[in-house]
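Chain identifiers are assigned alphabetically (A, B, ...) following the order of the sequence lines, protein sequences preceding nucleic acid strands; residue numbering begins at 1 within each chain.
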Amino acid sequence: MSTYKLKLYVTGKTPRSERAIANLRKICEEDLGSDYELTVIDVLERPNLAEDDKILATPTLIKVLPPPERRIIGDLSNRKKVLFGLDITTMRIIERGYNDETGGRVERTKGLIGRR
Amino acid sequence: MKQVEELRELKVLLVEDNPADAALFEETIKEQSLGGIHIYMSSTLKEALDTIKSNQIDIVLLDLNLPDSRGEETLTKLLSAAPDVPVIVLTSTNDPLMGQRLIQAGAMDYLVKGRVGSFITNAIYNTAARVEAGKKIKEAYENLRNLLNDSQDAILVVNSNNIVEFANRAARRLFGERVKIGEQLGIVSNEPGHTQELDVLRPDGTLAVVELYIRESLWYGEYARIFTFRDITERKKAEEELTKTKDQLEYLFTVSPAVVYTLNPKNLALMWISPNLERMTGYTIKEALKWGWWENNVHPEDRERALERRKEIFTKSHIWGEYRFKKKDGEYIWLRDELRRIDGSQGKQVEIVGASLDITREHQMKEEQQELENQLRQVQKLESIGRLAGGIAHDFHNMLNVILGYAEICLNSIHPQDPLRRNVEQIIKAARRSADLTRQLLAFGRKQTLHPKVVNLNDVIRNFENLLRRVIGEHIDMRLILADNLANVKVDPGQMEQVIMNLVVNARDAMPEGGKLIIETANVELDETYARSHPDVTPGKYVMFSVTDTGCGMDKETMSKIFEPFFTTKEQGKGTGLGLSTVYGIVKQSGGHITVYSEVGYGTTFKIYLPQVEDKETPQPESEEEPSIIKSKGEHILVVEDEDMLRELIEEILTQLGYEVTVAANGGEALLLVEEKGLKPDLVLTDVVMPNMSGKDLVKRLKKSQPHLKVLYMSGYSDDAMIQQGILEPGTAFIPKPFTLNDLAKKVQEVLRGGDNKR
Ligand SMILES: Nc1ncnc2c1ncn2[C@@H]1O[C@H](COP(=O)(O)OP(=O)(O)OP(=O)(O)O)[C@@H](O)[C@H]1O
Ligand SMILES: [Mg+2]
């Protein structure tokens, strides 16, 4: 079983849907390796699922596993925000040198780890 | 107003079962409030609730121990029956913990009995003020909710537990049942303030695009997040429509044959240009927008005109122009440029919009057409000059014949030692020279008699080579480049020699300081395309021979005139200007075609194309046995000639040669002599073209009675011309005018000796 189980809700083939799918695929491949399971759900095709998950607006990304559940909305174009928003290990990001433009990397990292 | 409000009489209910306490409290309050507080009294809870219900009580002063209720329960009971009324509790124990509990249970304040003293009125006023403030806050939130409800944006207020506290009307419209007050919200975002574009499926199934803004705030004093969704569906649609239109336009601009642009209306600088520019000119838009790009690439010869033309847009609303433009690869194309000035009205700016079309192809076609017309005109001009010259030369020649003939007769009858002889010889010489000139004119007018044979031009040139070398002299290096298997042509070899000679002499004259002269032959094919651009050419196989020199060359002006008779640039006495006219006439008469290429200072090439003949026709040997002049045996010759002088001359000559001669001035006269008078001539010598009856018709009539009659035609026109026009049958005996005494003697003998009429 994969560590990460993700669900992405989109609405049809709007530009936002397509951007979100592309952005998420990229992030998954680059940051999660093969350790994830992603389901893309179109609310037009599966309205019941959307209702169960109380989806108000799309794109909505839900991290189902590992708990706790996290949600993030939008086209997921900001990879850093997506990873932070989903509580995905910040250590991995630091290893890859994926940090902010400023030198405040240590502070931030601490803060984030502390928040988890 | 505010003052009046503050001075409103407060209705205070004192719930106290101890009459002494009650009296004390009442007294104190009355005294301290100066009658501003009206006091109601109740001694039981039940009574108190009744009073609250029937009188609008502002504040309750509550003793916890009453006959019908005791302890803290009394407060909860009262508040559950009348939740809105503010309560100040009166207790007998000073227990801060209990005080806290009371406040938590909903009391506004509490006072310890026995210590109340002057505090009681203060506490009443304080509570009244707090109640008033609380009411104001509630009102404010009420107003806020109303405002939020009126907003077009969907607004949700969510507390720190992600529970929806408030949803405005627009939000209920946008999300329907999916959002419920008091339930969890399905959106969690850690990023307040961030604006996102999202898709929302409306309850009615339609799609909306929204922009989300999240703000952290307080809601009734608690932390809350406010989600604002702005519906941007229409804007997005318009945006998408716009990009689609833009894409479409861009596509159109890239495939369109015209390059479109706009110019600055003040200085005509290029402001915008469509991307298909690159396909047309090779330049990128960036390069084109550089200052002076257009001006620098317009052909220098067209630049001034094009620039002036452009400036006309200041005064006209529409102009166009054509000019050459240099592409990035250096090649020039023809552009047709149109400019339109769009005048600013209703505050709009003046705009200048232009379009350029590549019309190189059309221009080439036009130029080709023009070139063709020029050539045609040239050919026609030469044709008409030729006809004129030929006509004059023809008459002229007849006259010369007469002069020559009589002069020769004269010479024959003068004693060899007679000093007059020399004079007559001078006359004959001058006449011969004149005859030569007129012959050239006749050649140009294509009225010359040709004796075509199937020959190989290489042979003609080789036989002639030595003579040519002598003519050009030592200082010129002459080379022959003769094709190996050159096809045969049917031409008059003598005339061809004349053609070559004229060209070579011209080449020599063009190279007084020496140079190279190349004579070349080749088999070539002139195709449809070539024929289309040269109106006098029928497509087919030709033998080409060219004469090239490295001489002075000619300019266009000279070149356009060289074939005209008497056109010469040589000083008087050096050239008559008939050389190339003769060449032209002979080539044309032989069914050929001639071209000139010349470059001033570099040299000239004349190319002559003659139609090839079938392989089976082998060249005929040049030698033709000269018939020796045999004196006449006194044969009888009937001479038919309408021109008196010539007729008399011929009569004279033939008589001298020993023939018996009868003359007739026309066909009718001749017929009369033969058919009526029974004349039986051995030979009829007749002109071909005569008024009333042609020579041919005459012969036809005569042959009816005398089938074996021998016939010799004479004419100023060439036999070829006659045969072509069906006037004479091929092989008919013919002598071209002018002729010398010898010519005539030979020809007459030939016909008389020949068994039949064939040459
Ligand atoms: N090979 C050549 N190079 C330069 N110019 C030439 C050449 N051939 C002909 N021309 C020009 O064409 C003109 C006409 O030539 P054309 O042979 O008809 O007359 P001509 O040579 O002047 O006189 P003619 O041949 O009658 O003695 C010449 O005067 C000369 O200007
Ligand atoms: Mg000449």
- Message: ring-ring contact (aromatic ring centres under 6.0 Å, His included), that's the test. Do B:Tyr261 and B:Trp272 meet it? Break it down for me.
- Response: CA-CA 5 Å; B:Tyr261 56 87; B:Trp272 178 89; 8.9 Å; no
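- Interface residue B:Leu207: only side-chain heavy atoms are found under 4.5 Å from chain A.
- A salt bridge is defined here as a Lys NZ or Arg NE, NH1 or NH2 lying under 4.0 Å from an Asp or Glu carboxylate O, and B:Lys328 with B:Glu287 meets this definition.
- Between B:Arg235 and B:Glu211 there is a salt bridge, since at least one side-chain N of the basic residue sits less than 4.0 Å from a carboxylate O of the acidic one.
- Within a 6.0 Å radius of CD in B:Glu338, more than 12 heavy atoms belonging to other residues, nucleotides or ligands are found.
- Of the atoms belonging to A:Ile55, it is backbone heavy atoms, and not side-chain ones, that fall under 4.5 Å from chain B.
- Of the listed residues A:Pro59, A:Gly74, A:Gly12, A:Ala50, the one with more heavy-atom pairs under 4.5 angstrom with chain B than any other is A:Gly74.
- Proximity of the aromatic rings of B:Phe175 and B:Phe229 is defined here by a centroid distance below 6.0 angstrom, and this criterion is met.
- For B:Lys136 and B:Glu139, the salt-bridge test fails: no basic side-chain N is under 4.0 Å from an acidic carboxylate O.
- Under 4.0 Å is where a charged nitrogen must lie from a carboxylate oxygen, and between B:Asp231 and B:Arg202 at least one such pair does.
- The part of B:Val209 that comes within reach of chain A is its side chain, from C-beta onward, which places non-hydrogen atoms under 4.5 angstrom from that chain.
- Look at B:Glu183 and A:Lys54 and you find a salt bridge, because one of the NZ, NE, NH1 or NH2 atoms lies within 4.0 Å of a carboxylate O, short of that distance.
- Heavy-atom proximity under 4.5 angstrom to chain B picks out A:Pro15, A:Arg16, A:Ser17, A:Arg19 from residues 15-25 of chain A.
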